[in-house]
Amino acid sequence: MEINFYEQVFEIARLVPKGRVTSYGAIAKALGAQGSARLVGYAMSNSHAVHPKVPAHRVVNSSGLLTGKFHFSPPERMQQLLEKEGITVENDKVKDFKKIFWNPLDEL
DNA sequence: GGATTGACGTGTC
DNA sequence: AGACACGCCAATC
């Protein structure tokens, strides 16, 4: 297959609308790899190397916690980007996560 | 090709 | 509420 698992993850991540967030598990589920949320996170580690920009900052864990913020150039970048999109981040976790949560399955 | 590694998730203690 | 354990699965070493 020409399309790697990574690209599929990136594709979903790029579909996340501004001001919304999603979870690794949700993306994994959308790819049919439900339960393998680790693969999504693992793939996101490559998000810095893909051509179209991937809003990795809009992807958090099921708790809305910014687990991967330390992977950004400056870890604070992730929260800044989220706040810039109207998302309130407190204590490294998204506020009203359930409200701004964007379900890929809903788009697909 | 076996072993290790994760930006995770859910369940228990 | 916080900490710990196990499971899943592809990519990398």
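Sorted by first and then second residue, the ring-ring contact (aromatic ring centres under 6.0 Å, His included) pairs involving residues 26-66 of chain A (not counting sequence neighbours) form an empty list. For residues 73-84 of chain A, the side chain to side chain donor-acceptor pair (under 3.5 Å) pairs, not counting sequence neighbours, are A:Gln79-A:Glu83. Applying the ring-ring contact (aromatic ring centres under 6.0 Å, His included) test to every pair with at least one member in residues 70-103 of chain A, sequence neighbours left out, gives these pairs: A:Phe97-A:Phe101. Every pair tested for salt bridge (charged side-chain N to carboxylate O under 4.0 Å, His left out) that includes a residue from residues 18-28 of chain A fails, sequence neighbours excluded, so the list is empty.
Only A:Thr67, A:Gly68, A:His71, A:Phe72, listed by number, bring a heavy atom of residues 65-86 of chain A to less than 4.0 angstrom from any atom of DNA chain B. Across residues 20-27 of chain A, A:Ser23, A:Tyr24, A:Gly25 each have a non-hydrogen atom less than 4.0 Å from an atom of DNA chain B (numbered order). For the contact set between residues 43-57 of chain A and DNA chain B, defined by any heavy atom under 4.0 Å, the members are A:Met44, A:Ser45, A:Ser47, A:Ala56. At a non-hydrogen distance threshold of 4.0 Å, nothing from residues 92-105 of chain A comes into contact with DNA chain B.
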Polar atom pairs between nucleotides 2-4 of chain C and protein, under 3.5 Å, N or O only, would you list them?
none

Name the pairs: protein N/O against N/O of nucleotides 7-9 of chain C, kept only if under 3.5 Å.
unit_1, atom_1, unit_2, atom_2, d
C:dG7, O6, A:Arg38, NH2, 3.2
C:dC9, O4', A:Ser36, OG, 3.3

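Contact detail for A:Pro17 and A:Arg58: the closest heavy-atom pair is O-CD, 3.7 Å. Taking each heavy atom of A:Val59 and A:Ala13 in turn, the nearest pair found is CG2-CB, 4.3 Å. Considering every non-hydrogen atom in both A:Phe10 and A:Val50, the closest pair reads CE1-CG1, 3.0 Å.
Protein atom CG of A:Asn61 is 9 Å distant from nucleotide atom C1' of B:dG9, rounded to whole Å. We find that NZ of A:Lys29 is positioned 13 Å from P of B:dG9, with the value rounded to whole Å.
Rounding to the nearest 0.5 Å places NZ of A:Lys93 at 7.5 Å from CG of A:Leu65.
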From CA spacing to verdict: side chain to side chain contact (heavy atoms under 4.5 Å, CB included), A:Ile87, A:Val21: CA-CA 9 Å; A:Ile87 300 174; A:Val21 293; 3.5 Å; yes

Does the pair A:Met44 and A:Val54 meet the rule for a side chain to side chain contact (heavy atoms under 4.5 Å, CB included), with working shown? CA-CA 8 Å; A:Met44 296 305 279; A:Val54 178; 3.9 Å; yes

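In this structure, the salt bridge (Lys or Arg N to Asp or Glu O under 4.0 Å) partners of A:Lys69, at least two apart in sequence or on a different chain, are A:Asp92. For A:Lys95, the side-chain contact (heavy atoms from CB on, under 4.5 Å) test picks out A:Thr88, with sequence neighbours left out.
The residue from A:Asn103, A:Val16, A:Ile12, A:Leu15 that alone fulfils the side chain to side chain contact (heavy atoms under 4.5 Å, CB included) condition with A:Thr22 is A:Val16.
Although no hydrogens or angles enter the test, the distance criterion places no donor-acceptor pair under 3.5 Å between the side chain of A:Asn4 and the main chain of A:Tyr6. Without hydrogens or angle criteria, A:Asn61 side chain to A:Ser63 main chain gives a donor-acceptor distance under 3.5 Å. A:Gln34 places no side-chain N or O within donor-acceptor distance of the main-chain N or O of A:Lys29, the cut-off being under 3.5 Å. Proximity of a side-chain donor or acceptor of A:Ser36 to a complementary backbone N or O of A:Leu39 within less than 3.5 Å is not detected.
Linking ILVMFWY residues whenever their side-chain heavy atoms come closer than 4.5 Å, directly or via other members, places A:Leu82 and A:Ile100 in the same cluster.
For the OP1/OP2 pair of B:dG9 and a distance below 4.0 Å, the side-chain nitrogens and oxygens of A:Ser63 include no atom meeting the criterion.
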